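To start, the structure under review is shown below, and the notes come after it.
Here the structure is a predicted model, which means the values were calculated and not measured.
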Amino acid sequence: DLLRDLDAHWGKSLSRLEAWRKDVAREFQPDCILNLTASLSSRLLARLLTPAKGELIGFGVDNFGFGQNDQPWTAFLQASTRKRGCSPYNLADIFRKVAGVDHLAPEYALNRPAPEIRAVVRAELDRALAAIPEITPQTPCRGLAAFQLGASDDRRRWPTGHFARLGEQLWRELGYIPVLLGAKSEQVLADRFAQQAAGPFISLLGRTDLPALAAALLETALLVTNDTGTMHLAAGLNVPVLAIFLATAQPWDTGPYQEDMCCLEPDLACHPCPFDGQCAFEHKCRQHITPEAVFSLAQSKLTHGAWAWPGGESPARIWRTMRRSKTEDPAQFMDLESLSGHENQDRTQWLRLQRLLICQFLDQGH
């Protein structure tokens, strides 16, 4: 809003901006400002809000208005955001480095929704289950599996038909019923799912705010998702995540920041796609990971409590999120363990070399 005012009348806008800054300063006087966003407007705002004797961490501007990065990891965050074809670190770990808190334990735990919110969501799910004719004493519902059908980019969205086939397998073979989650704007995906579904399901699309979405996730045994905000919410609640990374998405940099989550990416030489180019293969990665492969992993987690690939050729590179010991990795960065025999691939070894060498360079030998 303040930036938009600049186009209308810059003089009045600057006056309003200064009044707003004074209001903020009266209400809250920070010891430091942490800015993780490299845009010019964010840099200026961070400088504006930093007290005279305070500290600005991350992205700022110098006295002449030029961009200023306070340390090597901040510069790397900006460079790797612009060129992310082969990013070796989870973004959350880069944020920790920029903020200077990498010496602290890397715990990721979100607050759980209030009991009354959970009760409302549980009651809604119970009503929906009671209305499903397929549930009988002979074919009981053994649990719920959350599905996030949407993604920020259609190229990064696993086909709705694959989700429908997976839902059918979960119900027929394990007795689990899919619960569709997402925003109201994704209703078209739920409609497609309904047209292709051969088993029961529940849709909560457009009916949950953020606390209710968290409550819904806590009622499920796992979440099958694209690379989405719902994925990170589930990880913060420690709900098992089975995430599919397509097109430009890759688990090394935007995977769930929680141990023992499962990530899949197509086992294709062209994956991940470059951010600044067009796909020359008609987005074949979207079809490459089969519902049967995803079901096999979901089945192992739901029935045995652990992610496992049964062996044989996999259409995906399958990873389990994990951290190495403090002796092996003092920074305790999020790491990936291959469940599909892809650890010795050239690309994996190249990523591991980058993780080692870039870290030594940015930490300036420490």
Atom [atom1] of [X]: over 12 foreign heavy atoms under 6.0 Å:
| X | atom1 | answer |
| --- | --- | --- |
| Asp209 | CG | yes |
| Glu116 | CD | yes |
| Glu328 | CD | yes |
| Lys326 | NZ | yes |

Would you say Leu144 and Leu213 are hydrophobically clustered, going by side-chain heavy atoms of ILVMFWY under 4.5 Å?
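Leu144 clusters together with Leu213.
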Taking only distance into account, with no hydrogens and no angle test, what donor-acceptor pairs under 3.5 Å do side-chain atoms of residues 57-69 form with protein atoms, sequence neighbours excluded?
unit_1	atom_1	unit_2	atom_2	d
Asp62	OD1	Phe64	N	2.9
Asp62	OD1	Gly65	N	3.0
Asp62	OD1	Phe66	N	2.9
Asn63	OD1	Arg47	NH2	2.8
Asn69	OD1	Arg43	NH1	3.3
Asn69	OD1	Arg43	NH2	3.0
Asn69	ND2	Gln78	OE1	3.4

Contact summary for [X] and [Y], nearest pair of heavy atoms:
| X | Y | result |
| --- | --- | --- |
| Trp307 | Leu297 | CE3-O, 3.6 Å |
| Gly236 | Gln258 | CA-NE2, 4.5 Å |
| Gln148 | Leu181 | OE1-O, 3.4 Å |
| Met334 | Glu259 | CE-N, 4.1 Å |
| Arg118 | Pro113 | CG-CG, 3.8 Å |
| His232 | Thr254 | CE1-O, 3.3 Å |

I'd like to know if the side chain of Asn226 reaches the main chain of Leu149, judged simply by a donor and an acceptor atom lying under 3.5 Å from each other, with no hydrogens or angles considered.
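Yes; at least one donor-acceptor contact below 3.5 Å.
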Output, in order, the C-alpha distance, side-chain angles, deciding distance and verdict of side-chain hydrogen bond (donor to acceptor under 3.5 Å, both in side chains) for Arg156 and Thr248.
CA-CA 7 Å; Arg156 297 164 67 155; Thr248 56; 3.2 Å; yes
Can a salt bridge be assigned to the pair [X] and [Y] using a cut-off of 4.0 Å between side-chain N and carboxylate O?
| X | Y | value |
| --- | --- | --- |
| Lys97 | Asp102 | yes |
| Glu168 | Arg165 | yes |
| Arg122 | Asp126 | yes |
| Asp154 | Arg286 | no |
| Asp260 | Lys301 | yes |

Taking ring pair (Phe, Tyr, Trp, His ring centres under 6.0 Å) as the criterion, tell me which of Trp252, Phe95, Phe333 meets it with Tyr89.
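One option only clears the test, and that one is Phe333.
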Under the salt bridge (Lys or Arg N to Asp or Glu O under 4.0 Å) test, which residues partner Arg352, sequence neighbours left out?
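Residues passing salt bridge (Lys or Arg N to Asp or Glu O under 4.0 Å) with Arg352: Asp335, Glu343.
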Criterion side-chain hydrogen bond (donor to acceptor under 3.5 Å, both in side chains) on Asp191 and Gln187, from CA distance to verdict
CA-CA 6 Å; Asp191 294 340; Gln187 183 58 46; 3.0 Å; yes
Worked check of side chain to side chain contact (heavy atoms under 4.5 Å, CB included) between Val224 and Phe295:
CA-CA 10 Å; Val224 183; Phe295 173 76; over 6 Å; no
